[in-house]
Amino acid sequence: MNSIKQEHISNFEQEGDSLKGHKNLDTFGGTPVFKDKLHVGRPNIGDRNRLLERINDILDRRWLTNNGIYVQEFEQRIAELVGTKHCIATCNATVALEIAIRATELKGEVIMPAFTFIATAHALQWQEITPVFCDVESSTHNIDPLKIEQMITPRTTGILGVHLWGRACNIEALSKIAQDHNLKLMFDASHAFGCSHDGQMIGSFGDAEVFSFHATKFLNSFEGGAIVTNNDDLAAKIRLMKNFGFAGNDNVVYIGTNGKMHEISAAMGLTGLDSMKDFIEINYQNYKQYQKELSRINGIKITNYNETEANNYQYIVLEIDKEVFGISRDKLIEILVAENIMARRYFYPGCHRMEPYHSYFPHNKTLLPETDQLSTKVMSLPTGTAVSLLDISKICQVIEFVRENRSYFQDTTEKSFIYN
Ligand code: T4K
C-alpha cells in the first residue's frame, strides 16, 4: 500500500476516542473539537519527490510556458483518460470557459443553471452574453431539461450545462433540445473530471466540455483547466485563441487571450494523475464513512453518487431539512465553523442573486424556486486526502450532538459569519 493510503487508514485505526457525551464544544465556551481548521477543498498532493524532480527538469530545460513538453504530456494523458481527440490545457477553468464560449461563437443569450459557481455565469457575461438562468431538478441539482424550452428566445444560441458535484446532467435530453432548436451545447465539467455518464467518460459530450484543476479540485495543477472536444476545427481554433490568436510568429488570426497553462502547473497535474486512483479511493472511503455515520441522523440527506458510474467523489454534499433536523443549515455551519470544521454553503445564494445578475434580472427570483430552495439547505463538508476517517467520525458526532441538543441551539437570530 502506498503512503497516501496508509496514512489515511492508520489514522483511523490507531486513534479511537469518541465524542459521545462531549459537552465541551466551542459553542459552549470550550476548545474547538479540531485544533486546526478542516477545510473543504484542502488540496491533494501526490508524490512530492516526483513533483520536485519534474520541476527541476523544467528549470534545467529553461522552458517554462507556451506549449512545453509537460503541458503536452498533461494534455495527452487527459485526452486518453477521458477518451477525447483533443485536450487543450489552460491557466484555469474560468478562462477555459471564456475561450470555449468564444470559439463556439455563442452570443446573445445562453441558458444555464443558477445553482453553480459564479464563474459559469461570469464567463458568459464577461463577453456580454446574457446568462439566462434555468431552474434545476431538486433530485439531481442539475439543470432541469423540462424547463429549458420555455426559456428559448430568438436570441438564444446555446445551452451551458453544469455537471454539478461530478454528477452528469441529463445529457440526452439536453442534446435533443439543442438539436431541435439548432443550439450549441457545452458543459462546465469543472467538478466532473474522472466521472462517467452511462459508462462513457465525461469529456466528449456536446460541442466541448471544460474541466477545472484548481487547488481545491481532487486533481489539481495549483491553478488550471482544460477544454476537451472531438471537433478538430474547434480544437485548432481554441489552441490559437488561448495563445493570443497567434498562428506562428507575427501572424495573429483571431482575437485571443493568454489562457496558457505553464510547465510547473502541468508538472503538478501530472504528479496528481500518477496518484489519481488513490485520491479517488480515499474520497470514496470518506464518502462511505460519511454516508454510514450520517444515516443515523434525522433531517440530513447526503447527496449520493451512482456507484455504477466512474465518480471522483470529491464533494460531500448535504441537504439539511430544518424542520426535521431542528435547526437551519446556516446555524449548523456556524456551529461547525466554531469547531474548526470549515463547512461551506456551495452554492449560496445562486448566481441570480449575485451581482450584476441580481440587478440586471430581478424577475429571476420568481423563476427559480428549486434553486432557491436548494441554496438554503445545501452545504459541503471537508473531504480529500487531508481528512482522515477519524476526522469524519468526529465531524458526524458533532452534527449528531447538535441534533440531539437542538433545543439548546435553536434560535431565530441567525448570525452571519466570516470564513477565514
Ligand atoms: N465552474 C464551476 C462549476 C466551478 O465550481 C468552478 C470553480 C469554476 C467553474 C471555475 O474554475 P477555476 O477557474 O477556479 O479553475 C472555490 C474554488 O476557487 C473554485 O475553483 C471552485 N470552483 C469553487 C467551488 O470553490 P472558493 O472561493 O470557495 O475558493 P477558496 O480559494 O476559498 O478555497 C476554498 C477552501 O479551500 C478554502 O477555504 C481553504 C481551502 N484551500 C484553498 C486553497 C486555494 C486550501 O486549503 N488550500 C488552497 O490552496 O472557490
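Scope of the values below: all heavy atoms of this structure, side chains included, with no hydrogens, waters or symmetry mates. For clarity, every value in this text was computed on a predicted model and none was experimentally measured. One-based numbering, in listed order, for ligands and for the atoms of each.
- Interface of R42 with ligand 1, defined as ligand atoms under 4.0 Å from a residue heavy atom, comprises 45 (C), 46 (O).
- Among all heavy-atom pairs drawn from C87 and V228, the shortest one is CB-CG1, 3.8 Å.
- At least one test fails for K331 against the ring of F409: distance under 6.0 Å to the centre or angle within 45° of the axis.
- Note on ligand 1: G225 sits outside its first shell, no heavy atom being nearer than 4.0 Å.
- Considering backbone and side-chain N/O atoms, R344 comes within less than 3.5 Å of an N/O atom of ligand 1.
- Those atoms of ligand 1 that come under 4.0 Å of a heavy atom in T116, given as number and element, are 3 (C).
- You'll find the side chain of M261 stays beyond 4.5 Å of the side chain of T90, heavy atoms only.
- Considering both main-chain and side-chain atoms, F213 never comes within under 3.5 Å of ligand 1 through any nitrogen or oxygen pair.
- By the 3.5 Å distance cut-off applied to N or O atoms, T94 is counted among the residues near ligand 1.
- Dense packing is recorded around CD of E355, with more than 12 heavy atoms of other residues, nucleotides or ligands lying under 6.0 Å away.
- Y348 carries R329 over the face of its six-membered ring, with the cationic atom under 6.0 Å from the centre and within 45° of the normal.
- Ion pairing between a basic and an acidic side chain is recognised when a charged N comes within 4.0 Å of a carboxylate O; E53 and R50 show such pairing.
- Below 4.0 Å from some heavy atom of G224 lie the following atoms of ligand 1, by number and element: 15 (O).
- Ligand 1 is never approached by K37 to a heavy-atom distance shorter than 4.0 Å.
- At a heavy-atom distance under 4.0 Å, only side-chain atoms of S190, from C-beta outward, approach ligand 1.
- In terms of N/O distances under 3.5 Å, ligand 1 is approached by V40.
- Neither the backbone nor the side chain of M342 has a heavy atom within less than 4.0 Å of ligand 1.
- For ligand 1, the atoms closer than 4.0 angstrom to any heavy atom of A119 are 8 (C), 9 (C), 10 (C).
- We find that D232 and K85 are joined by a salt bridge, their nearest charged nitrogen and carboxylate oxygen being less than 4.0 Å apart.
- Within ligand 1, counting atoms from 1 as listed, the ones closer than 4.0 Å to a heavy atom of F347 are 24 (C).
- Close contacts of ligand 1 with S212, meaning ligand atoms under 4.0 Å from a residue heavy atom, involve 11 (O), 12 (P), 15 (O).
- Taking only nitrogen or oxygen atoms, main chain and side chain alike, D188 reaches within less than 3.5 Å of ligand 1.
- Of all the atoms in ligand 1, the ones that sit under 4.0 Å from a non-hydrogen atom of T120 are 1 (N).
- Closest approach of Q125 and P356 over heavy atoms only: CG-CG, 4.5 Å.
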Fill in: side-chain hydrogen bond (donor to acceptor under 3.5 Å, both in side chains) evaluation trace for N92 with H214
CA-CA 7 Å; N92 59 52; H214 180 259; over 6 Å; no
